[in-house]
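Residue numbers start from 1 in every chain, and the chains themselves are labelled A, B, ... in the order their sequence lines are given, proteins ahead of strands. For clarity, every value in this text was computed on a predicted model and none was experimentally measured.
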Amino acid sequence: MAAMSPRTRSMRRQLIAQLVASSAILAAVLIFLFQGFARQFAEESLDNVLMASTTSILESVTERNGAVSVDIPYAALAMLGSVSDDRVFYRIDHGTEFLTGYGDLESADLGADGRTGFAASEFRGDQVRVVTASRLLSIGRVTVTVAQTQDGLSARLDTLFRRALVLGGAFFLLASGLSIWVATRAFRPLDTLARSVARRGPADLSAFAPTPLQEMVPLVAALNRFVNRLKRALGRSEDFITEAAHRVRTPLATVRTQAEVLMHRIEKDENRQTLRDMIRAVDESSRAAGQLLDQAMVNLRTDALDRAEVDLAACLSDVVTRLRPMADLRDISLRADLSDTCPISVDAILIQNALSNLLDNAIKYAPPETDVRVTTHCANGTATIRIEDGGPGFGAEDPEPLKERFVRGRSATGTVGSGLGLTIASQVFEAHGGHLTLSNREGGLGACVEVSLPRS
Amino acid sequence: MRFLLIEDNASLAAATADRLALDGHVIDVAPDLETARAFVHTGSYDLVLLDIMLPDGDGREFLSYLRSKSLDIPVIAVTARSEVLDRIGILDLGADDYITKPFDFEELKARCRAVLRRRAGAMSNTQRIGDLEFNRLGGTLEIAGDKIELRNRELRLFELLADNSNVILSKSKLVDRLFSYDEDVSENAIEVYIGRLRKHLAGSSVAITTIRGVGYRLDV
């Protein structure tokens with residue numbers, strides 16, 4: 001089957017890849033969101049601390065004798081130090097007048113309420129978070145700005161990011177594992193069906209068992225429809241062959257029988273000769289028809305050999321028993337040594353038909369009152385059947401072409417035959433991986449037909 | 001012998017009955033299974049010739065019917081079907097042998113003989129001809145206690161002569177019966193077999209006489 005589509009894709013692998021990619025994206029989103037929340041949370045808490053510090057400084061601004069007095073409480077800056085080791089800068093303004101602190105520190109713009117403002121900016125080469133709060137005193141607006149470097153925050157964010165990475169990675173691995181498990185499980189019924197199709201013998205055209213899985217129902221139904229079509233097609237072919245045989249052979253039988261009856265009543269030699277020729281023609285056409293139909297049937301069956309374990313010797317013994325009356329008619333003794341049992345796995349019907357063709361040939365071409373000898377040899381790997389007759393043999397001609405359709409040997413002149421017997425036989429043995437060899441008997445008169453069949 | 005021929009094709013059945021009658025057999029023809037079932041219960045047959053394809057069923061049904069009724073009549077199935085197909089079932093279902101249409105009546109006789117011989121074993125069903133004991137089935141002649149085994153062609157020739165004793169049979173007729181139609185044989189070939197039979201018959205009251213230019217006659 002693989003030869004039919006050079007590039008196959010695995011649906012299972014594709015599904016796994018898609019699921020793994022999805023989990024990777026989910027993991028990335030998770031890390032990103034986690035980091036975002038963490039930053040927001042950290043910044044907010046830092047802002048709150050900064051705002052608290054700013055507010056407490058602002059609270060300490062008082063008016064004394066028309067001047068602004070600031071007494072920065074220790075706690076205001078200490079609370080910042082407790083959060084991290086970051087440096088803290090501040091400035092206090094009275095209206096637009098700079099009072100104390102770092103004059104080059106920029107205040108943040110006040111928000112909508114006009115009292116507080118937040119900003120992220122750079123101060124002396126460091127990223128800083130700036131919080132500004134202002135308060136209106138009787139002598140004017142006092143603005144306090146506190147800034148803190150962000151090193152502690154970055155360090156904490158880095159730690160959180162690493163944790164997020166680990167968490168995301170773990171999530172990714174877990175999701176991937178689950179994906180593989182799920183995909184494998186999902187395709188298990190398909191594998192089971194494929195195995196049950198593969199396990200079938202060639203002749204097994206029974207319906208597949210209904211599946212409880214809804215998604216598999218159309219596939220199983222289609223498979224069953226296909227099997228049915230195949231069964232019908234095979235049945236039609238076999239019926240046709242059977243019907244054709246019946247239609248051809250029954251009238252031929254009538255003609256032949258009537259000719260034989262007539263033969264007994266006619267005394268005149270010329271008429272008898274005519275009748276004899278008629279009977280021969282009938283025999284010839286019925287034999288040809290029979291063998292053509294046989295070959296059609298063999299073609300149909302060699303595609304799907306119905307192999308079973310049989311004893312080759314018993315098989316051959318049946319054939320010999322059936323042909324013995326034919327041999328008797330010609331006073332030919334069929335000498336069969338079939339004492340060796342030989343278990344072999346073959347399509348017994350086809351093998352018997354082929355052997356029957358071979359033996360029939362031997363009986364037909366051998367002179368009366370001679371022996372036809374049938375022997376089997378059962379070796380480990382191969383079974384050999386040898387049929388030797390005391391006929392004219394193949395002479396000097398090459399016997400191999402006799403295996404082709406409608407080719408008949410020179411010695412066949414004067415005998416009814418279609419030239420298909422050896423073709424059918426050879427085809428059957430080759431379908432079994434065996435071989436048919438035609439030769440002249442060593443050191444004596446007659447033909448030797450040897451069949452070798454592999455036993456496994 | 002008494003035959004039951006089960007065949008639906010009327011002209012083939014008639015021709016077959018005619019042909020078998022020529023050999024001195026009695027034949028009843030049943031065109032379908034129903035008639036055949038009636039026949040097997042009323043008549044006693046030595047052998048049934050059963051066509052496999054019949055209008056009211058498969059001939060194989062008849063085989064199972066015979067079996068179910070414990071009717072132990074030898075059956076030779078006659079079939080027009082492919083030989084490859086035929087091996088399935090016919091012999092398994094209890095036919096003794098089968099023959100494919102169209103057939104040579106010598107082959108049919110040979111098969112009948114083989115079937116009956118298998119059935120009867122070496123039963124001595126002999127016929128007395130002059131001072132001879134002739135066993136058709138076993139193919140033996142017994143003259144004053146001496147048993148002679150006949151070869152198949154000798155047997156068939158003697159049978160012909162014995163069935164037409166005191167009648168002249170032409171060489172050409174004997175050749176037609178003894179050799180198959182697809183063999184090219186001269187009429188002189190018969191002389192060999194006549195010679196052999198004469199040798200076997202030496203010392204018996206039965207003799208084969210040559211009628212010059214006409215044929216042979218068994219004088220009993």
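Between the side chains of A/His432 and A/Arg307, not a single donor N or O lies within less than 3.5 Å of an accepting N or O. A donor-acceptor contact closer than 3.5 angstrom links the side chains of B/Ser172 and A/Arg272. Inspection of the A/Gln295 and A/Gln427 side chains reveals an N or O donor paired with an N or O acceptor under 3.5 Å.
Heavy atoms of B/Asp18 lying under 4.5 Å from chain A belong to its backbone as well as its side chain. The contact between B/Phe103 and chain A is made entirely by backbone atoms, counting heavy-atom distances below 4.5 Å. Proximity to chain A is limited to the side chain of B/Arg177, based on heavy atoms less than 4.5 angstrom apart.
Counting heavy-atom pairs under 4.5 Å between each of A/Val255, A/Leu252, A/Ile266, A/Thr321 and chain B puts A/Leu252 at the top.
The interface of residues 189-201 of chain B with chain A, defined by heavy-atom distances below 4.5 Å, comprises B/Tyr193, B/Arg196.
Ring geometry for B/Phe39 against B/Tyr45 counts as tilted: the plane angle lies between 30° and 60°, on a 0 to 90° scale.
Every residue two or more places apart in sequence or in another chain was checked for a side chain to side chain donor-acceptor pair (under 3.5 Å) with B/Asp56, and none qualifies.
Taking the charged nitrogens against the carboxylate oxygens, B/Asp96 and B/Arg111 have no contact shorter than 4.0 Å, which rules out a salt bridge.
A/Ala425 approaches A/Ala354 most closely through the heavy-atom pair CA-CB, 3.7 Å.
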